[in-house]
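Per chain, numbering begins at 1; letters A, B, ... match sequence-line order.
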Protein chains: 2
Amino acid sequence: MTAADRVYAIIKQRILDGYYVAGSYVREATIGQELELSRTPIREALRRLVSDGWVEVIPHHGARVVSWTQRDVEEVFELRVLLEPQVVRRAASRIDAPRLDSLGELACHMEQLCERGDDQAIDEIAVLNDRFHAELITAADSPRLQRLLEAIVQVPVSRRSFHHYSDEELHASMRHHREILRALAVGDGEWAASVMRAHILAARAAQLHPPARQTHQPRQQHA
Amino acid sequence: MTAADRVYAIIKQRILDGYYVAGSYVREATIGQELELSRTPIREALRRLVSDGWVEVIPHHGARVVSWTQRDVEEVFELRVLLEPQVVRRAASRIDAPRLDSLGELACHMEQLCERGDDQAIDEIAVLNDRFHAELITAADSPRLQRLLEAIVQVPVSRRSFHHYSDEELHASMRHHREILRALAVGDGEWAASVMRAHILAARAAQLHPPARQTHQPRQQHA
DNA sequence: TAATCTAAAATGGTATACAACTCTTCTCGT
DNA sequence: ACGAGAAGAGTTGTATACCATTTTAGATTA
């Protein structure tokens with residue numbers, strides 16, 4: 001592991017942790033002194049963070065941690081609604097039994113965590129959910145589709161968790177996983193794609209209307 | 001614009017123009033001397049080209065221009081079929097009259113060139129067609145969608161031209177442009193998206209079955 | 001002839017020094 | 001008081017150098 005790799009990981013972690021606030025600048029000299037490295041590996045790490053969409057570079061002025069607007073979030077969901085169904089559409093005719101099994105285990109694990117329902121469990125679900133989607137992408141066997149999605153879903157972890165899901169939304173999400181797996185098991189790409197589309201649209205709804213979180217109450221109009 | 005930006009653009013253009021043949025190596029020292037720059041900005045440009053998928057690095061041997069397989073072409077079309085309709089779906093509710101006019105002029109110009117039909121005209125059509133699609137993307141007003149498409153549709157010039165189109169395919173392509181504009185003019189995104197989908201699928205068919213090019217002959221089965 | 005060794009060539013990674021640029025601030029003239 | 005312009009500090013951009021690693025091809029040797 002090179003110094004540039006370490007710097008990349010450190011800066012990324014600091015962004016995720018909120019140590020580097022969105023909109024603030026990451027100074028090359030500053031972390032250089034901090035980590036006792038020259039600017040060279042820091043610059044390389046920053047360039048990689050730029051191409052991964054975590055920071056943006058203003059020429060001759062510095063690397064700034066990207067800010068996310070509501071519009072950015074909507075754009076991402078709009079693209080995921082297109083691309084993620086394509087993932088399972090392709091996967092349906094390509095997936096093999098071992099991977100289906102491993103996806104099934106992931107679904108199982110997530111459901112158990114879902115039953116626990118505490119905050120830590122919710123965090124773990126987010127991790128497993130990422131793995132779930134990543135495995136599907138691998139099964140889709142399309143490097144370009146994978147690249148596009150990776151370029152898209154890189155979102156600050158604060159927005160990627162399931163904390164704004166209601167119980168009902170969370171359980172629906174688990175059912176989606178199961179239904180996708182059933183569709184894949186019988187090789188029905190369109191079925192799988194439809195469920196995935198619903199899955200993403202549900203996630204979008206949960207993100208866009210986080211305050212409306214009454215599980216057992218009668219329905220209520222939102223903005 | 002920094003030197004690294006220029007180097008990036010130059011190398012990319014040379015790949016698109018076919019000056020750097022697929023499989024050949026881009027030597028750091030060579031272009032360094034050629035452009036009278038040190039290895040530093042060249043290295044940075046090459047890293048970006050790698051992460052954008054234009055070249056691949058063989059460790060300790062150099063940066064090689066990526067080769068396109070038939071499968072790559074199919075992957076690109078598969079993604080364009082998803083993304084380009086979304087472009088016009090968004091554009092339908094956002095486009096303004098001036099841009100519609102300028103798109104109309106582009107379509108006009110392409111149709112005239114289409115009537116000429118010589119090789120040079122075909123080349124010019126490819127350029128205008130790129131502009132046509134680029135204007136649509138601008139009208140769609142989605143930076144991420146734009147970025148994804150730019151990462152996808154930029155293909156070496158040898159594969160981007162209309163030389164493998166039959167007369168009929170070429171005219172159909174022109175009609176698609178017109179129909180898209182009509183749909184946009186009345187703000188019907190789904191109509192525009194459907195035509196665009198057909199437009200891309202037609203382009204795909206022309207690419208995948210280039211030998212079957214008899215316009216006035218009875219149909220013939222292909223591989 | 002074939003296996004091995006060797007040296008050249010190229011990149012990989014990092015450090016350092018200097019050049020160029022941007023933004024701020026301060027001065028100067030009106 | 002106010003705007004234009006210049007100086008300065010701070011920051012990034014680039015050049016250069018160094019050594020390590022790896023590949024390749026040629027030379028050597030049995």
Side-chain angles (χ1 to χ4, degrees), chain A residues 1-15 17-67 143 147 150 154, chain B residues 1-16 18-68 143 147 150:
Chain A
M1 191 187 235
T2 69
D5 291 332
R6 283 194 297 275
V7 175
Y8 173 89
I10 288 171
I11 297 178
K12 187 160 152 182
Q13 194 57 51
R14 288 186 176 178
I15 294 174
D17 292 346
Y19 180 79
Y20 288 147
V21 181
S24 66
Y25 283 87
V26 183
R27 297 295 173 200
E28 297 177 357
T30 306
I31 34 182
Q33 293 171 331
E34 207 174 331
L35 306 178
E36 293 187 328
L37 290 167
S38 80
R39 283 173 49 213
T40 310
I42 279 108
R43 282 177 65 83
E44 183 177 330
L46 284 176
R47 296 308 149 106
R48 283 171 51 189
L49 287 164
V50 167
S51 86
D52 288 357
W54 293 98
V55 306
E56 58 192 344
V57 159
I58 285 81
H60 294 102
H61 192 68
R64 185 169 59 184
V65 178
V66 297
S67 302
R147 236 166 44 91
E150 282 170 356
Q154 294 279 355
Chain B
M1 191 189 241
T2 69
D5 292 331
R6 281 196 298 274
V7 174
Y8 174 88
I10 288 172
I11 297 178
K12 187 159 143 184
Q13 194 57 51
R14 288 185 176 179
I15 295 174
L16 291 174
Y19 180 80
Y20 288 149
V21 182
S24 65
Y25 283 87
V26 183
R27 297 289 174 204
E28 295 178 359
T30 307
I31 37 181
Q33 293 171 332
E34 204 175 332
L35 307 178
E36 295 186 324
L37 291 168
S38 76
R39 277 175 61 201
T40 310
I42 280 113
R43 282 172 64 86
E44 183 178 325
L46 284 176
R47 297 295 163 90
R48 283 172 51 191
L49 288 163
V50 167
S51 88
D52 288 357
W54 292 99
V55 306
E56 56 191 346
V57 159
I58 281 76
H60 296 101
H61 190 68
R64 187 170 58 183
V65 178
V66 295
S67 302
W68 282 71
R147 232 171 53 94
E150 280 170 358

**Student:** Using a strict heavy-atom distance below 4.0 Å, which residues from residues 40-48 of chain A are in contact with DNA chain D?
**Tutor:** A:R43, A:R47
**Student:** How close or far is atom P of D:dA9 from atom NE2 of A:H61, stated in whole angstroms?
**Tutor:** 18 Å
**Student:** When you compare the side chain of A:R48 with that of A:D5, does any pair of heavy atoms fall below 4.5 Å?
**Tutor:** yes
**Student:** Rounded to the nearest angstrom, tell me the gap between atom CG in A:D5 and atom C1' in C:dG12.
**Tutor:** 12 Å
**Student:** Run the side-chain donor-acceptor check on residues 52-62 of chain B: report pairs under 3.5 Å with partners two or more places apart or on a different chain.
**Tutor:**
{"residue": "B:D52", "atom": "OD2", "partner": "B:Y8", "partner atom": "OH", "Å": "2.5"}
{"residue": "B:E56", "atom": "OE2", "partner": "B:R64", "partner atom": "NE", "Å": "3.3"}
{"residue": "B:E56", "atom": "OE2", "partner": "B:R64", "partner atom": "NH2", "Å": "3.2"}

**Student:** State the CD1-CD1 distance between A:I10 and A:I42, to the nearest 0.5 angstrom.
**Tutor:** 9.0 Å
**Student:** Using a heavy-atom cut-off of 4.0 Å across all strands, would you classify B:A63 as base, sugar-phosphate, or nothing?
**Tutor:** nothing
**Student:** Over how many whole Å does the gap from A:E28 atom CD to D:dT11 atom C1' extend?
**Tutor:** 8 Å
**Student:** Rounded to whole Å, please give me the gap between NE2 in B:H60 and P in D:dT23.
**Tutor:** 8 Å
**Student:** Can you find a heavy atom in the side chain of A:V21 that is under 4.5 Å from one in the side chain of A:V65?
**Tutor:** no
**Student:** Rounded to the nearest 0.5 Å, how far does CZ of B:R6 lie from CG of B:L35?
**Tutor:** 9.0 Å
**Student:** Return the value, rounded to whole Å, for the distance between atom CD of A:E56 and atom P of D:dT12.
**Tutor:** 14 Å
**Student:** So for atom CZ, which belongs to B:R147, do other residues, nucleotides or ligands contribute more than 12 heavy atoms lying within a distance under 6.0 Å?
**Tutor:** no
**Student:** Of the options D:dT24, D:dG13, C:dG13, whose atoms approach the side-chain atoms of B:R39 most closely?
**Tutor:** C:dG13
**Student:** Students often get this wrong, so: under 4.0 angstrom with heavy atoms, is B:R27 touching a base, only sugar-phosphate, or nothing?
**Tutor:** sugar-phosphate
